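The structure appears right after this line, and notes come after that.
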Number of protein chains: 2
Amino acid sequence: MPRAGLSTAAVVDAAVAVIDDAGPGGLTLAAVAAHTGVAAPSLYKHVTGLGELRTLVGARVIEEVTDRLSAAVLGRSRDDAVTALMHAYRGYVVAHPGRYAAIPPDPLRDPALADAGSKLLDVFLAVMHGYGLRDAPAVHAVRNLRSVVHGFTAIETSGGFGLAESLDDTYAQLIEMVLAGLPRSPR
Amino acid sequence: MPRAGLSTAAVVDAAVAVIDDAGPGGLTLAAVAAHTGVAAPSLYKHVTGLGELRTLVGARVIEEVTDRLSAAVLGRSRDDAVTALMHAYRGYVVAHPGRYAAIPPDPLRDPALADAGSKLLDVFLAVMHGYGLRDAPAVHAVRNLRSVVHGFTAIETSGGFGLAESLDDTYAQLIEMVLAGLPRSPR
DNA sequence: CCACAAAGCTATGCGCATTAGCCAAGAATG
DNA sequence: CATTCTTGGCTAATGCGCATAGCTTTGTGG
């Protein structure tokens, strides 16, 4: 019997693949096992269980999102940065809806995700710094921004916007709304 | 064996109770059966399965939300109505996070929910009419509003806002942002 | 009183997570 | 090169939840 040569990372890879075409709800150890060509119990040699696997996938995805967003705002500031951030965010979610949905809702609470989560938060905070926002005002602004992008993309990817009007148009308007809500201090 | 005297409605009641203290993830036929004092298979006499039960719960919740929101905007218009709507929305979600999370993401697609869903949508649309918005502009405005309230409440109830700053303050700012984003045509 | 529909039950099967315990692959050691 | 031992894989078995089948009882209407 040749060994499969798995590793924790490889199992997470497989899990991401499973999520990509079955959604987070389709993430089962059985599916991951099938995908890696191994019997389900063997996965326990690399992962303590389904719970940990979910956490690991979450961390992986958060890092991926952080990379994308960082790249998108690189070299930009203020409205330019916010616009780029919002487009990149939506772009990621649309490209990988399953992965996005696999992010646990409260990463900052879980020690295993706190690190990745706070790095992602830092990207948002950095953009707010460009407006001279710090501390509480920056926190509120980031929350607003997160609410907007998460809300829109969550509804969009779950097919919650029933009607036919262009979603791009809606999103453009949403970006305007956010920009208008940020401090207009002269540059 | 005295009969339990169940009915579809009673089963849905029990399901809502289960969701209230275990979240939508805790909704299992076994739990509902335990709650109603009946054996699990007996539930099939009132419901075709877990799937239908979820749908029925969804419809129930959507109607409840619609009632709350309608009442909140009754007699109000424009900014006043939007503010009331947003507060009522958040109020419901905070009061019943499990129920809110039990709403299927795309009610308009499911024939069994389309009716309830479109009535809820009508409440939002009616508020937009107060600004003279119709058709496409109204649709975009409703989408924006939904994105904001859904995003904020989803993150709030899942504990996704890690830091200590006041969520009420954030929400107040969010309301301002929304109001500022709506057409300012003189009244 | 009787028949029959409705509402409950037990028994069973299936899929998935998880645990326990066995065995072989292959690296490390002499 | 032979031996050992760790490690990654396996099969078997348990438990839980959904679902189906088929029996039994309730209680209602003739």
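Throughout, protein chains are lettered first and strands after them, A, B, ... in sequence-line order, and every chain is numbered starting at 1. A quick note: this is a predicted structure, and the numbers were derived from the prediction, not measured.
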Can you tell me the distance, in whole Å, between the [atom1] atom of [X] and the [atom2] atom of [N]?
X	N	atom1	atom2	result
A/Arg54	C/dC16	CZ	P	14 Å
A/Tyr44	C/dT18	OH	P	3 Å
A/Leu6	C/dG26	CG	P	14 Å
B/Glu52	D/dA19	CD	P	11 Å
A/Leu43	D/dG8	CG	P	13 Å

Task: Of A/Lys45 and B/Gly51, the one whose closest DNA chain D nucleotide lies more 5' - done: A/Lys45
Open item on the list: What I want to find out is whether B/Glu63 reaches B/Lys119 closely enough, with some N-O distance under 4.0 Å, to be called a salt bridge.
Closed with: no
Using the side-chain heavy atoms of [X], tell me which of these nucleotides is nearest: [options].
X	options	value
B/His46	C/dG8, C/dT18, D/dA21	C/dG8
A/Thr28	D/dT20, C/dC16, D/dG17	C/dC16
B/Ala30	D/dC18, C/dC16, C/dA11	D/dC18
B/Val38	C/dC9, C/dT19, D/dC18	C/dC9
A/Pro41	D/dC18, C/dA11, D/dA12	D/dA12

Open item on the list: Restricting to ring pair (Phe, Tyr, Trp, His ring centres under 6.0 Å), what partner residues turn up for A/His46, sequence neighbours left out?
Closed with: none
- [ ] If the plane angle is over 60° it's perpendicular, under 30° parallel, otherwise tilted; pick one for A/Tyr171 and A/Phe152.
- [x] tilted
Open item on the list: Below the 4.0 Å mark, does D/dC10 have OP1 or OP2 next to a side-chain nitrogen or oxygen of A/Ser42?
Closed with: yes
Open item on the list: To check you understand the geometry: which heavy-atom pair defines the closest contact between B/Ser158 and A/Asp106, and what is its length?
Closed with: O-CB, 3.4 Å
